[in-house]
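Single-structure report; data block below.
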Amino acid sequence: MEIREIKENKKQFLSLLLLADEQEDMIDKYLDKGRMYVLDDDGVKCECVVVDEGEGILEIKNIATEPTCQGKGYGRILIDFLVTKYSGEYSILQVGTGDSPLTIPFYEKCGFIRLHSIKNFFIDNYHHPIYESNVQLVDMIILQKKL
């Protein structure tokens with residue numbers, strides 16, 4: 001298993017990026033300025049993109065695991081990698097996600113706590129309704145983990 005940074009041609013992983021953020025123009029807002037990592041375990045299984053948000057905050061903008069590989073710990077391994085790599089350089093690892101019964105418990109198990117929400121984020125910023133586990137995403141939930 002190897003985690004490596006992708007510095008060029010990040011869009012080669014667009015199909016994986018779209019699993020976590022299903023509107024390409026939203027991905028375009030952070031992909032170039034973000035640092036992208038992929039977890040390769042006999043093929044790329046998971047990716048994440050992080051962005052320096054200033055004031056000691058590193059934000060996960062996108063993290064996704066191949067559907068056939070979900071539930072096998074790859075996302076957790078990438079988060080643990082970020083914690084190890086960026087401890088000392090940043091004080092907080094942050095993520096914004098929909099209020100979904102799939103994603104919120106995942107982040108809470110990884111040690112994140114809810115900070116606040118951004119009302120109507122998914123309605124105001126996406127061209128179409130976004131659903132996860134048959135739940136329409138409306139507000140963005142911001143979670144943080146101290147590094």
Side-chain angles (χ1 to χ4, degrees), residues 3 5-7 9-39 41 44-147:
I3 296 173
E5 184 174 0
I6 304 299
K7 295 183 178 184
N9 195 19
K10 295 175 186 176
K11 282 227 175 160
Q12 69 182 302
F13 300 101
L14 186 60
S15 63
L16 197 50
L17 290 160
L18 287 167
L19 291 175
D21 195 343
E22 58 186 71
Q23 192 167 298
E24 189 173 351
D25 67 335
M26 292 296 281
I27 293 168
D28 290 340
K29 291 179 180 182
Y30 56 78
L31 192 58
D32 285 340
K33 69 180 179 178
R35 297 186 80 168
M36 181 179 208
Y37 298 95
V38 296
L39 185 152
D41 187 18
V44 173
K45 305 294 192 237
C46 191
E47 65 73 29
C48 72
V49 178
V50 293
V51 173
D52 181 339
E53 291 294 330
E55 299 182 19
I57 298 172
L58 182 68
E59 184 165 346
I60 298 170
K61 293 292 190 178
N62 190 306
I63 185 167
T65 302
E66 285 289 346
T68 59
C69 300
Q70 292 175 359
K72 296 181 179 177
Y74 290 120
R76 176 76 181 241
I77 290 167
L78 261 182
I79 288 176
D80 290 346
F81 165 81
L82 295 173
V83 168
T84 300
K85 180 168 182 62
Y86 290 106
S87 288
E89 185 176 347
Y90 293 90
S91 56
I92 294 171
L93 183 60
Q94 177 172 288
V95 65
T97 190
D99 195 1
S100 160
L102 288 179
T103 55
I104 298 292
F106 166 74
Y107 287 115
E108 289 175 339
K109 285 178 187 172
C110 290
F112 288 81
I113 57 168
R114 291 177 190 237
L115 185 65
H116 63 86
S117 63
I118 300 171
K119 296 292 181 199
N120 297 319
F121 179 86
F122 291 96
I123 292 171
D124 294 343
N125 291 285
Y126 286 82
H127 302 307
H128 61 282
I130 307 290
Y131 290 89
E132 190 169 295
S133 296
N134 296 320
V135 174
Q136 182 176 357
L137 304 183
V138 176
D139 301 334
M140 177 180 277
I141 309 301
I142 305 298
L143 300 104
Q144 289 187 339
K145 176 182 179 78
K146 291 188 188 293
L147 296 178

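These figures come from a predicted structure and were not determined experimentally.
Atom CE in Met36 sits 7.0 Å away from atom CG in Asn62 (nearest 0.5 Å). Rounding to the nearest 0.5 Å places NE2 of His116 at 7.0 Å from CD of Gln144. For the atom pair Asp52 CG and Leu58 CG, the distance stands at 7.0 Å (nearest 0.5 Å). Rounding to the nearest 0.5 Å places CD1 of Ile60 at 8.5 Å from CG of Leu78. If you take CG on Leu14 and CG on Leu19, they are separated by 10.0 Å, rounding to the nearest 0.5 Å. We find the NZ-OG distance between Lys146 and Ser87 to be 12.5 Å, quoted to the nearest 0.5 Å.
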Exercise for review: Apply side chain to side chain contact (heavy atoms under 4.5 Å, CB included) to the pair Ile79 and Val95, showing each step before the final yes or no.
Suggested key: CA-CA 11 Å; Ile79 288 176; Val95 65; over 6 Å; no

Review point. How far apart are the C-alpha atoms of Lys61 and Glu53, what are their side-chain angles, what is the distance that settles it, and do they pass the salt bridge (Lys or Arg N to Asp or Glu O under 4.0 Å) test?
Key: CA-CA 10 Å; Lys61 293 292 190 178; Glu53 291 294 330; 3.3 Å; yes

Point to revise | Derivation and outcome, side chain to side chain contact (heavy atoms under 4.5 Å, CB included), residues Leu82 and Cys48 | key: CA-CA 10 Å; Leu82 295 173; Cys48 72; 4.0 Å; yes

Check your understanding: Going through the checks in order, is the side chain to side chain contact (heavy atoms under 4.5 Å, CB included) test met by Glu47 and Ile6?
Key -> CA-CA 10 Å; Glu47 65 73 29; Ile6 304 299; over 6 Å; no

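Within the 4.5 Å cutoff, side-chain heavy atoms of Ile104 are placed close to those of Leu143. Taking the side chain as every heavy atom from C-beta outward, Asp99 and Ser117 never approach each other to under 4.5 Å. Looking only at side-chain heavy atoms (C-beta outward), Leu39 and Val44 stay at 4.5 Å or farther from each other. The closest side-chain heavy-atom distance from Met140 to Asp124 is not below 4.5 Å. In this structure, Asn120 and Val138 have side chains that are in contact, with non-hydrogen atoms separated by less than 4.5 Å. Contact check for Ile141 versus Tyr107: no side-chain heavy atoms found under the 4.5 Å cut-off. Residues Lys85 and Ile3 have side chains not in contact (no heavy-atom distance under 4.5 Å, counting atoms from C-beta outward).
The environment of NZ in Lys11 is crowded: more than 12 heavy-atom neighbours from other residues, nucleotides or ligands sit within 6.0 Å. Residue Glu55 qualifies as open at atom CD: its count of foreign heavy atoms under 6.0 Å is 12 or below.
Classification of Lys72 and Glu66 as a salt-bridged pair fails, no side-chain N sitting under 4.0 Å from a carboxylate O. Using a cut-off of 4.0 Å between Lys/Arg side-chain N and Asp/Glu carboxylate O, Arg76 and Asp80 are scored as salt-bridged.
Residues Gln23 and His127 come closest through the heavy atom pair OE1-N, 2.8 Å. When all heavy atoms of Cys110 and Lys145 are compared, the pair lying nearest together is O-NZ, 2.7 Å. Closest non-hydrogen pair, Gly34 versus Val51, comes out as CA-CG2, 3.7 Å. Across all non-hydrogen atoms, the minimal contact from Ile27 to Asp21 is CD1-O, 3.2 Å.
Each ring-ring contact (aromatic ring centres under 6.0 Å, His included) pair with one or both residues in residues 52-106, not counting sequence neighbours, appears once here: Tyr37-Phe81, Tyr86-Tyr90.
In this structure a side-chain-to-backbone donor-acceptor pair under 3.5 Å is missing from Glu132 to Leu137. Of the possible donor and acceptor atoms, one in the side chain of Gln70 sits under 3.5 Å from a partner among the backbone N and O of Thr65. In this structure a side-chain-to-backbone donor-acceptor pair under 3.5 Å is missing from Ser133 to Val135.
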